[in-house]
Amino acid sequence: MSSPVIIITGTPGTGKSTHAQLVANESPVPLRHINVGDLVKEKGLFEDYDEEWQSYTVDEDKLLDELEPIIAEGGVILDWHTCEIFPERWPDLVVVLRCEHSQLWDRLEKRPVFTATIHSLHEFTHPHRSYPLKKIQENNEAEIMQVVLEEARASYPPEIVVELKSESTEDLEANVTRIVDWIQAWRKERGFES
Ligand SMILES: Nc1ncnc2c1ncn2[C@@H]1O[C@H](COP(=O)(O)OP(=O)(O)O)[C@@H](O)[C@H]1O
């Protein structure tokens, strides 16, 4: 494998997709950005859709089967709000983004609900309702309790798990530079770059 597998994780709203896109753009080698939530929806890798929570119950076996051959090729950024289902051998780096909780609350309040598919009459008649309040609360609590960070630490070796603050544009730029530098160093160590 000439390119690494990177997981970018964190509570929804911490900036995973923004980071993943920028890293993919600035990476010295092509990296495929996979927004796992979108993949689950596109490929129907779920058992169920909970309308009240506006969330999918992911079929983990199907998801892992779908991802396995992609991961085997390397050069992937997995972008998802959870990471523990991915086998320990998959990632070379696990980035956990963190954001102060009141700022996270503001970001989630502004978040529109993206509905690629209309799942119910209610969704059809209320297409612009915002992100559900209880989901904002749940995510906010999860960020305070650092659930995703604990999960990453419990699932992968400590030396590959990196916690990064994502509260400002300066943080974003510094994080992207750091990850791109890490990719270069990873390739150099393996003789892919001089
Ligand atoms: N470091 C940051 N500083 C300021 N705003 C940010 C930062 N990271 C993300 N955002 C903003 O927060 C919102 C959520 O970001 P997004 O990348 O969609 O998060 P996630 O993929 O984790 O749900 C977006 O409006 C994005 O522009």
Side-chain angles (χ1 to χ4, degrees), residues 5-27 31-43 45-46 49-50 53-58 63 67 70 76-86 90-91 93-117 127-153 155-156 160-183:
V5 172
I6 301 172
I7 295 176
I8 299 188
T9 189
T11 309
T14 48
K16 299 179 293 296
S17 295
T18 311
H19 278 73
Q21 272 163 25
L22 289 174
V23 170
N25 288 346
E26 293 183 22
S27 166
L31 288 181
R32 180 166 168 192
H33 169 201
I34 299 182
N35 180 316
V36 177
D38 288 349
L39 183 79
V40 165
K41 286 180 230 167
E42 280 162 26
K43 303 261 177 180
L45 311 172
F46 53 86
Y49 176 72
D50 184 323
W53 283 88
Q54 294 181 22
S55 62
Y56 293 88
T57 309
V58 173
L63 174 62
L67 288 173
I70 301 171
V76 180
I77 305 177
L78 291 177
D79 156 9
W80 208 23
H81 56 80
T82 180
C83 62
E84 65 188 351
I85 78 155
F86 303 130
W90 278 13
L93 176 69
V94 180
V95 174
V96 183
L97 297 176
R98 302 298 311 278
C99 179
E100 190 275 317
H101 68 93
S102 58
Q103 199 187 129
L104 186 69
W105 187 288
D106 290 344
R107 286 186 196 170
L108 291 174
E109 252 185 346
K110 289 189 191 117
R111 168 166 282 191
V113 176
F114 171 69
T115 43
T117 320
H128 298 300
R129 67 186 165 166
S130 59
Y131 203 70
L133 180 62
K134 59 182 181 177
K135 230 168 137 171
I136 300 181
Q137 282 165 340
E138 186 194 51
N139 286 327
N140 217 253
E141 275 167 32
E143 183 59 16
I144 293 167
M145 305 293 287
Q146 51 184 54
V147 172
V148 182
L149 181 65
E150 300 295 337
E151 189 187 290
R153 286 187 174 148
S155 308
Y156 304 102
I160 72 161
V161 178
V162 181
E163 178 186 7
L164 296 177
K165 186 155 71 84
S166 169
E167 293 172 2
S168 64
T169 314
E170 290 75 28
D171 289 341
L172 175 64
E173 279 171 14
N175 295 342
V176 171
T177 303
R178 189 167 160 182
I179 299 168
V180 169
D181 287 351
W182 177 90
I183 295 168

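All of these numbers come straight from a predicted model, not from anything done at the bench. Order of listing sets the numbers, starting from 1, for every ligand and every atom in it.
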| said: Before you tell me yes or no, could you show the steps for Glu26 and Val176 under side-chain contact (heavy atoms from CB on, under 4.5 Å), namely the whole-Å CA-CA distance, both residues' side-chain angles and the distance that decides it to 0.1 Å? | reply: CA-CA 8 Å; Glu26 293 183 22; Val176 171; 3.6 Å; yes
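- Residue, atom and distance of the protein heavy atom nearest to atom 8 (N) of ligand 1 are Ser166 OG, 3.3 Å.
- How far CD1 of Ile179 is from CG of Leu22: 9.5 Å, rounded to the nearest 0.5 Å.
- Contact atoms of ligand 1 toward Arg111: 14 (C), 16 (P), 18 (O), 19 (O), 20 (P), 23 (O) (distance under 4.0 Å to a heavy atom of the residue).
- Under the 3.5 Å distance criterion, with hydrogens and angles disregarded, no donor-acceptor pair is assigned to the side chains of Ser55 and Asp50.
- Residue, atom and distance of the protein heavy atom nearest to atom 17 (O) of ligand 1 are Thr18 OG1, 2.5 Å.
- For ligand 1 and Thr169, the ligand atoms under 4.0 Å from any heavy atom of the residue are 3 (N).
- At under 3.5 Å, not a single nitrogen or oxygen of Asp171, backbone or side chain, sits near a nitrogen or oxygen of ligand 1.
- Atom CG of residue Leu93 and atom CD1 of residue Ile183 lie 8.5 Å apart, to the nearest 0.5 angstrom.
- In this model, a donor atom of one side chain and an acceptor atom of the other lie less than 3.5 Å apart for Glu151 and Thr82.
- Checked against a 3.5 angstrom limit, the closest N/O atoms of Gly15 and ligand 1 fall inside it.
- Residue contacts with ligand 1 include Gly13, since one of its heavy atoms falls under 4.0 Å from the ligand.
- Here is the list of ligand 1 atoms found below 4.0 Å of a heavy atom in Leu172: 1 (N).
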| said: The test is side chain to side chain donor-acceptor pair (under 3.5 Å); show your working for Ser17 and Asp79 and say whether it passes. | reply: CA-CA 6 Å; Ser17 295; Asp79 156 9; 2.8 Å; yes
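- By the definition of a contact as any protein heavy atom under 4.0 Å away, atom 2 (C) of ligand 1 is in contact.
- The closest protein non-hydrogen atom to atom 21 (O) of ligand 1 is Ser17 N, 2.9 Å.
- Asp171 has a carboxylate O that lies under 4.0 Å from a charged side-chain N of Lys165, or vice versa, which qualifies the two as a salt bridge.
- Looking at Arg107, Glu167, His81, it is Arg107 that brings a heavy atom closest to atom 7 (C) of ligand 1.
- Contact check for Val94 versus Phe86: no side-chain heavy atoms found under the 4.5 Å cut-off.
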| task | Dump the intermediate steps for side-chain contact (heavy atoms from CB on, under 4.5 Å) on Val58 and Trp80, then the final yes or no. | result | CA-CA 12 Å; Val58 173; Trp80 208 23; 3.8 Å; yes
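- Per-atom contact check: atom 25 (O) of ligand 1 does not touch the protein, criterion being a heavy-atom distance below 4.0 Å.
- Listed by number with element, the atoms of ligand 1 under 4.0 angstrom from any heavy atom of Ser168 are 1 (N), 2 (C), 3 (N).
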